[in-house]
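Have a look at the structure below, then the notes.
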Amino acid sequence: MKKLLLIFLVVFLISSSGCNKTVNIPVFYGEFANAQRNSYVEVNGLREAPNKVVWSINPCNCLEALRFVYNAPTIEGDRAYFASGGIITVIDINTGKEIWKRDYSKPSPLGIPSGYASLFIYSPVIYNDKIVILGGASPREFLLVIDKNTGDPIWKSEVIGGDYAETCSEQPLIINGRIYLAASSKENYEKNGDLQAGIWVWDVDTGKVIDRISFDAVAEPIIGKYRTMHPAVTSLAQDGSNIYGVTQFTESTYRTYIFCYDTLRKKFTWFAPIGEEGFNSPSQKTHIAVNENFVAVCMVGNQWMEKEPQFFIKVFDKASHKPLWQNITKTVQSENPILTFMIIAIHNNKLYAMLFDKRFVCFDMETGKEIWSFKDEDWQSEWWNKWNNYGDCFNENDIVATMDVVYFNAGNAIYAFDPETGKLLWRKVAKKENLFINMMPVEKGLIVKYQDFPSGYDTPQGPVISELWK
């Protein structure tokens, strides 16, 4: 009897600790490169200027507005997974040859809506034999899970959010066979006037909703009854079994909060105001990134508030949750609205960012001290400001670090830097009608994505081209 009880206890402890067959299955991400969202790829970079285009393709046959194509491809082994405009295309990285392509913008037995609602704005996530992707566009988004070898749909979630609800945060995270995504509830909004958003959890194999992580217990003592989270301005990152996040609640001040949730113990271990002294909230875009020692947050604020647009960075010690430093930069534009997506990359206790004062800067993550910075004369030109169409602020850029190179793109140019010295290794400029959208490093190579973009932000332009540079 004692032996039976001992066996039962061991089995119970193993199952309750989250140790199961899914723990060691790798997960591959596109935009922000990994689950920690720190835009680091463990490959050797291109330290010499690329002199060869291995292949050049339009992987998703896209001819659409830029806002729907800024996601990066997801790399798994020798395959690259592209998603845009309702189309997923898988190619062989070495040859550029198409392995399979599927258009999900057409009606299907799973009830996938057609047209606008089938856009793929975020990168696909590769898990075991599945592709997990967030489909649609606010406020009609859904999770779609696909067989990665055939492209056949496996399951689709119901529409997340609704006509009166902000809906989802970025790419989903996958931890131990479970999909985590910040999302809101249209039904609760209609009944109670409150989105009651939280982190929703799906079983990756069945598509069944198995949990909804509520913020009520930790948020209500601080915020009170106005505790609704905005998934659209929520960013999540994973470190082991922990989910780190930054989010905003609709209290009167619209303050932003940082948190950590332990998925094994099902418990919040950190929840606090981020501390935005000097930053004119509310934020319109947030991003969080994690590494071994630090948690970094960046936010873009006041894009439509008739105030001076700002870019805010704050770094915390991961173990103690102690805030270490913050940096705020502003544009010289005081009234005209702008729209910009600014991100950060972190590696080897360095943080890389494009600031609103038009400098690309490398910070020491512990002290906030500037290690080196770079400013290109092109960024001051009359042509740049006219072409950019947002006055004195970049509308998008991408940063990604490798073991020995940091890449950064601004407008029609891509830059490669030595991460230690800040030396510009090379700069590659496209014709002025082209805009580089993002980059994804591979071993001693770089996959770039660009588009003809001669005028307005929402105006359909030329084809979206992806190339492999060596």
Side-chain angles (χ1 to χ4, degrees), residues 11-12 14-29 35 83 88 102 104 107-113 117-118 120 122-136 138-162 165-191 195-217 229 231 234 236 238 241-243 245 261-268:
V11 171
F12 172 77
I14 290 174
S15 62
S16 63
S17 68
C19 298
N20 55 50
K21 64 181 181 180
T22 67
V23 170
N24 295 319
I25 295 176
V27 187
F28 300 90
Y29 296 88
I88 293 179
R102 181 74 70 90
Y104 299 92
S108 77
L110 286 180
I112 300 171
S118 294
F120 294 138
Y122 301 110
S123 302
V125 180
I126 311 301
Y127 174 80
N128 204 7
D129 58 353
K130 296 178 177 65
I131 298 172
V132 180
I133 192 165
L134 182 63
S138 179
R140 291 182 55 80
E141 291 168 307
F142 54 87
L143 275 173
L144 179 63
V145 176
I146 300 162
D147 186 301
K148 79 171 185 182
N149 295 310
T150 66
D152 293 336
I154 298 173
W155 60 263
K156 182 189 80 71
S157 73
E158 296 300 315
V159 171
I160 305 165
E166 297 291 353
T167 50
C168 295
S169 62
E170 298 177 347
Q171 303 172 87
L173 294 171
I174 303 179
I175 308 173
N176 294 341
R178 295 184 171 190
I179 301 171
Y180 293 82
L181 183 70
S184 60
S185 168
K186 177 187 177 185
E187 179 182 0
N188 198 78
Y189 181 90
E190 291 176 339
K191 289 181 178 179
L195 303 185
Q196 285 298 286
I199 300 174
W200 292 46
V201 188
W202 289 263
D203 184 286
V204 72
D205 292 319
T206 66
K208 181 181 178 181
V209 176
I210 53 179
D211 198 3
R212 187 177 73 85
I213 302 166
S214 172
F215 284 79
D216 292 2
M229 183 178 68
T234 298
L236 303 178
Q238 174 199 348
S241 63
N242 292 321
I243 294 176
Y261 181 80
D262 187 324
T263 62
L264 295 182
R265 294 188 293 163
K266 294 189 175 182
K267 177 183 178 181
F268 283 95

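For the single chain, residues carry numbers from 1 onward in sequence order. Just so it is clear, the values below take in all heavy atoms, side chains as well, and ignore hydrogens, waters and symmetry mates.
- For Tyr261, the ring-ring contact (aromatic ring centres under 6.0 Å, His included) partners two or more places apart in sequence, or in a different chain, are Phe268.
- Contact record, Ile133 with Ser123: CG1-O, 4.4 Å, taken as the closest heavy-atom pair.
- Remark: the backbone N or O of Asp205 is not paired with any side-chain donor or acceptor of Lys130 at under 3.5 angstrom.
- Looking at Leu264 and Asn176, their side chains come closer than 4.5 Å, going by heavy atoms from C-beta outward.
- For the pair Ile126 and Lys148, the tightest heavy-atom approach, listed with the atom from each and the gap, is CG2-CD, 4.0 Å.
- Between the Ser241 side chain and the Thr263 main chain, no donor and acceptor come within less than 3.5 Å of each other.
- Closest approach of Asp203 to Trp155, counting heavy atoms only: O-CZ2, 3.6 Å.
- We find the CD1-CZ distance between Ile199 and Phe215 to be 4.5 Å, quoted to the nearest 0.5 Å.
- The shortest distance between side-chain heavy atoms of Ile131 and Val125 does not fall below 4.5 Å.
- Looking at Lys266 and Asp211, their side chains come closer than 4.5 Å, going by heavy atoms from C-beta outward.
- Residues Tyr127 and Ile25 have side chains in contact (heavy-atom distance under 4.5 Å, counting atoms from C-beta outward).
- Taking CG from Leu144 and CD1 from Ile88, the interatomic distance works out to 6.5 Å, rounded to the nearest 0.5 Å.
- Heavy atoms only, all atoms of each residue included: Leu173 and Ala35 are closest at CD2-O, 3.9 Å.
- Considering only heavy atoms from C-beta on, Tyr104 comes within 4.5 Å of Ile146 through its side chain.
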Problem - Trace of the side-chain contact (heavy atoms from CB on, under 4.5 Å) decision for Arg102 with Asp152 - result: CA-CA 8 Å; Arg102 181 74 70 90; Asp152 293 336; 2.7 Å; yes
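- Of the inter-residue distances, the one linking Tyr122 atom OH with Gln171 atom CD reads 9.0 Å to the nearest 0.5 angstrom.
- At distances below 3.5 Å, not a single donor-acceptor pair connects side-chain atoms of Trp200 with backbone N or O atoms of Ile179.
- Within the 4.5 Å cutoff, side-chain heavy atoms of Ile243 are placed close to those of Ile175.
- Residues Gly245 and Leu236 come closest through the heavy atom pair CA-CD2, 4.1 Å.
- Using a 4.5 Å heavy-atom threshold, the side chains of Gln238 and Tyr29 count as touching.
- Summarising the geometry, atom CZ belonging to Arg265 is positioned 8.0 Å from atom CG belonging to Asn242; distances are rounded to the nearest 0.5 Å.
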